[in-house]
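We number each residue from 1, following the sequence as shown.
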Amino acid sequence: MLTESEEPERKRINYNQSPVDLSIPLTPTTDCPTFTETSHFQINDLISYYSSLSPKHKNIALGELLKQNCDCSPEPEIHNFINIYNLLNANQKTTALIEILKQSSITTLQQISCTILPLLKCNFLGKLPTELGYKILEYLDIRSIVRCMQVCKSWKTLIDGEVADQAIWKKRILLEGFAKENQLNPTFISDFMNGSQSVNMYKEFYKHHHLTRQNWLLGRYRKVSFPGHGRHVVTSLQFDGDNIISGSDDHTIQIYDTKTGLLVKKLEGHAGGVWALQYWNSTLVSGSTDRTVRVWDMDTEECTHVFDGHTSTVRCLLIITPQMNSEGVMEPSEPLIVTGSRDATLRVWRLPNPKEDRKWNPLTGYQNPYFKFLCTGHTNSVRAIAGCGNVLVSGSYDTTVRVWNLDTGECTFTFEGHREKVYSIGYCHELKRAVSGSMDATVRVWCTQTGVNLFVLEGHNSLVGLLELTPKYLISAAADSTLRIWSPTTGECLGTLTGHTAAITCFHHDPIPNRIVSGSDGGVKIWELSTDGYGVSSSMHNLASIIPKSSRLRKSLHFTQGPNGPEPVHGRFIGDVVTNVVGVWRVRMDAYKLVCSVQVTEPGLEGHRTWFEVLDFTEHPDIGKEIKALGDRTSWETAEGTPEDIDAVDEST
């Protein structure tokens, strides 16, 4: 290092002199010295020089300084300024920049910020190995992933690439509970997409379900309304993507097209009201007040089998299909029909295949080859049944609950405890537990392996007429106009759903889409089952990206503080979807649609009529529209609307 006496003499510059004429070429002069690599300048020299520049040149100088490109400016003052800066060491440059920025005007700072920000951006995903980039993206919620796609083309390519379909979108489907691991295979996804091939099949699957869930939460749907069964009661309702099947006390079973609302088949043969029905594949089984059980081929509309034996109304009916137990054995060994009757008995038949098995009815002249067991023991009407595998549970007006072995037909347990009639039954094979609801306003939880009454659930103050049980939740609905969510493993009441003004006449819940729908006089309501019901991605942070901003759920608590930390909230109200009706007979839903049978008053007509409302929450060009369809009417003579409504339905499908 040179000593002070050895330091080369340097000329002091008068930085306060008049600005240099920009028309003069950049050449060394006595007023504008030539700088060399061995020159040394103090920071205050640079700052003083900067202060002597005009505002315009200050902006240009700072911009060029930040770009570190002194060859871009032809102006001598700026060129000299950059040269001075380049002769400083790293620490001096930092200090000099800070001092210069302190002296800069707001306008200058705003202009240079536009230069600084792009320099600070780093495409870290592009620099990382692809696998590590996908690992980082796994931790983002869907809103953040969409924003990442908008950053640059390379990020969009990364998230939209073929590898991303498995690395990102398949995992998001599982995280948010849109499907189970054993369902997610190319065949399943291809069937869902109607056979169309796409590089991003999992992304399309996720997008469809995500948008559908948003529509449920926001109350956006396409509605098709149509009449059915005249003024009669709808006692049973089931549907799938193609058909809506309803049973009524008008003695008929009607099958409608789910998309158009048109009546496509009408099954006639019962001599009394149809009080119970269920179908499996193309086989439909119905029970009636005429005391018979009928088996139908839904494809041909033919009744192939008529089973007799009951001496009073067939009140409840169940098809139990074989399922593999923990030991790898199918239980039951073949599909079964179980019926409960007001004659206090249950009967068990083998489910025939209408297309292959021999037809049978009481006039055939030989013993019924499909009959298996007569289950006796109840002393009053059998009101409700539930079962799975070889376990059947029945509830009766005699206040008892019985457990039956479908392999032998024997009663294994008789549960006593209710003080009034039992109206509802539920069973969960995974938990080995049964539940019963009674006119005594209580719900009881029973162990079907030990026969022990595990819990007596109190809270309702009137008849508990409806129950549904899954491994995680027990839902009860009562004549006190409320629904309650319980834990079947602890007996704790997790939530009370209030808002209806009359007895709950029907409800349906499904833990996979995380919803409850309920019907009562006045309309149908939708509820969120739980704030932690959106897959393993459910958390206080991720719910912000799942729940739309305009949803009423954003205004309510997502979690409450429990003794061990945040706890989920159950039963938040989403909205009313069917209103201005006299009554609601039945409601059923799946992940995409809600089907309701309601009682309405039609202008100009006496009495009440039964209508069906089909609410489709999937993304559709007609979302938000209400379309009237013919239903079971043969003309528009007495129907509201015009033939153009039918054209609208045809075009939309």
Checklist entry - Can you tell if the side chain of Tyr202 reaches within under 4.5 Å of the side chain of Gln166, non-hydrogen atoms only? => result yes

Item to check | Sidechain-backbone polar pair: Lys259 side chain, Gly241 backbone, donor-acceptor under 3.5 Å | outcome: yes

Next on the checklist: Has Lys432 got a side-chain atom pairing as donor or acceptor with His429's backbone, closer than 3.5 angstrom?
Outcome noted: yes

Item to check | Phe507 and Ile516, any side-chain heavy atoms less than 4.5 Å apart | outcome: yes

Checklist entry - Are Glu613 and Ser225 linked by a side-chain donor-acceptor pair shorter than 3.5 Å? => result yes

Checklist entry - Can you check whether Thr94 reaches Asn91 side chain to side chain, under 4.5 Å on heavy atoms? => result no

Item to check | Note, Leu218 side chain near Ser550 side chain (heavy atom, < 4.5 Å) | outcome: yes

Checklist entry - So, are Arg172 and Glu138 salt-bridged, with charged N and O less than 4.0 Å apart? => result no

Next on the checklist: Taking the six-membered ring for Trp, are Tyr473 and His570 closer than 6.0 Å centroid to centroid?
Outcome noted: yes

Item to check | Ser144 versus Asp141, side-chain donor and acceptor atoms under 3.5 Å | outcome: yes

Checklist entry - Okay, side chain of Ser487, backbone of Cys493: is any donor-acceptor separation there less than 3.5 Å? => result no

Next on the checklist: Between Asn514 and Ser530 (side chain of the first, backbone of the second, donor and acceptor by atom type, cut-off under 3.5 Å), is there such a pair?
Outcome noted: yes

Item to check | Pairwise side-chain contact, Leu217 with Ile574, heavy-atom cut-off 4.5 Å (strictly under) | outcome: yes

Checklist entry - Can you tell me if Arg484 uses its side chain to pair, donor with acceptor, with the backbone of Gly459 under 3.5 Å? => result yes

Next on the checklist: Check this for me, if you would: do Asp160 and Lys203 make a salt bridge, where the nitrogen-to-carboxylate-oxygen distance has to be below 4.0 angstrom?
Outcome noted: yes

Checklist entry - With distance as the sole test, does Glu176 use its side chain to make a donor-acceptor pair with the main-chain N or O of Ile173 at under 3.5 Å? => result no

Item to check | Summary of salt bridge (charged side-chain N to carboxylate O under 4.0 Å, His left out) pairs that have at least one residue in residues 558-575, sequence neighbours excluded | outcome: Glu528-Arg572

Next on the checklist: Could you walk me through whether Arg515 and Leu529 satisfy the side chain to side chain contact (heavy atoms under 4.5 Å, CB included) test, starting with their C-alpha distance in whole Å, then the side-chain angles of each, then the deciding distance to 0.1 Å, before giving a yes or no?
Outcome noted: CA-CA 5 Å; Arg515 284 185 291 275; Leu529 183 54; over 6 Å; no

Checklist entry - Is Lys472 paired with Asp532 through a side-chain N to carboxylate O contact shorter than 4.0 Å? => result yes

Item to check | Pair Tyr592, His208: side-chain N/O donor-acceptor within cut-off below 3.5 Å | outcome: no

Item to check | Test item: side-chain donor near acceptor, Ser154 and Asn123, under 3.5 Å | outcome: yes

Next on the checklist: Whether the Thr482 and His500 side chains hold a donor-acceptor pair (N or O, under 3.5 Å, no angle test) is what I'd like checked.
Outcome noted: no

Checklist entry - Passes side chain to side chain contact (heavy atoms under 4.5 Å, CB included), Val146 versus Ile159? Steps please. => result CA-CA 9 Å; Val146 172; Ile159 297 172; over 6 Å; no

Checklist entry - Is the count of non-hydrogen atoms from other residues, nucleotides or ligands lying under 6.0 Å from Asn580 atom CG greater than 12? => result no

Next on the checklist: Do Trp216 and Met589 make a side-chain contact, defined as non-hydrogen atoms from C-beta onward lying under 4.5 Å apart?
Outcome noted: yes

Item to check | Worked check of side chain to side chain contact (heavy atoms under 4.5 Å, CB included) between Thr618 and Asn215 | outcome: CA-CA 7 Å; Thr618 57; Asn215 289 339; over 6 Å; no

Item to check | Side-chain heavy atoms of Leu469 within contact of Pro488, under 4.5 Å | outcome: yes

Checklist outcome for this item: Residues at least two apart in sequence or cross-chain that pass salt bridge (charged side-chain N to carboxylate O under 4.0 Å, His left out) with Lys207, listed by chain then number, are none

Checklist entry - Between Tyr206 and Trp169, what is the ring plane arrangement, given parallel below 30°, perpendicular above 60°, and tilted in between? => result tilted

Next on the checklist: Ring-plane angle category for Phe124 and Trp155, please: parallel below 30°, perpendicular beyond 60°, tilted otherwise.
Outcome noted: perpendicular

Next on the checklist: With rounding to the nearest 0.5 angstrom, report the CD1 to CG distance, Ile168 to Leu158.
Outcome noted: 6.0 Å

Item to check | Side-chain heavy atoms of Leu466 within contact of Ser476, under 4.5 Å | outcome: no

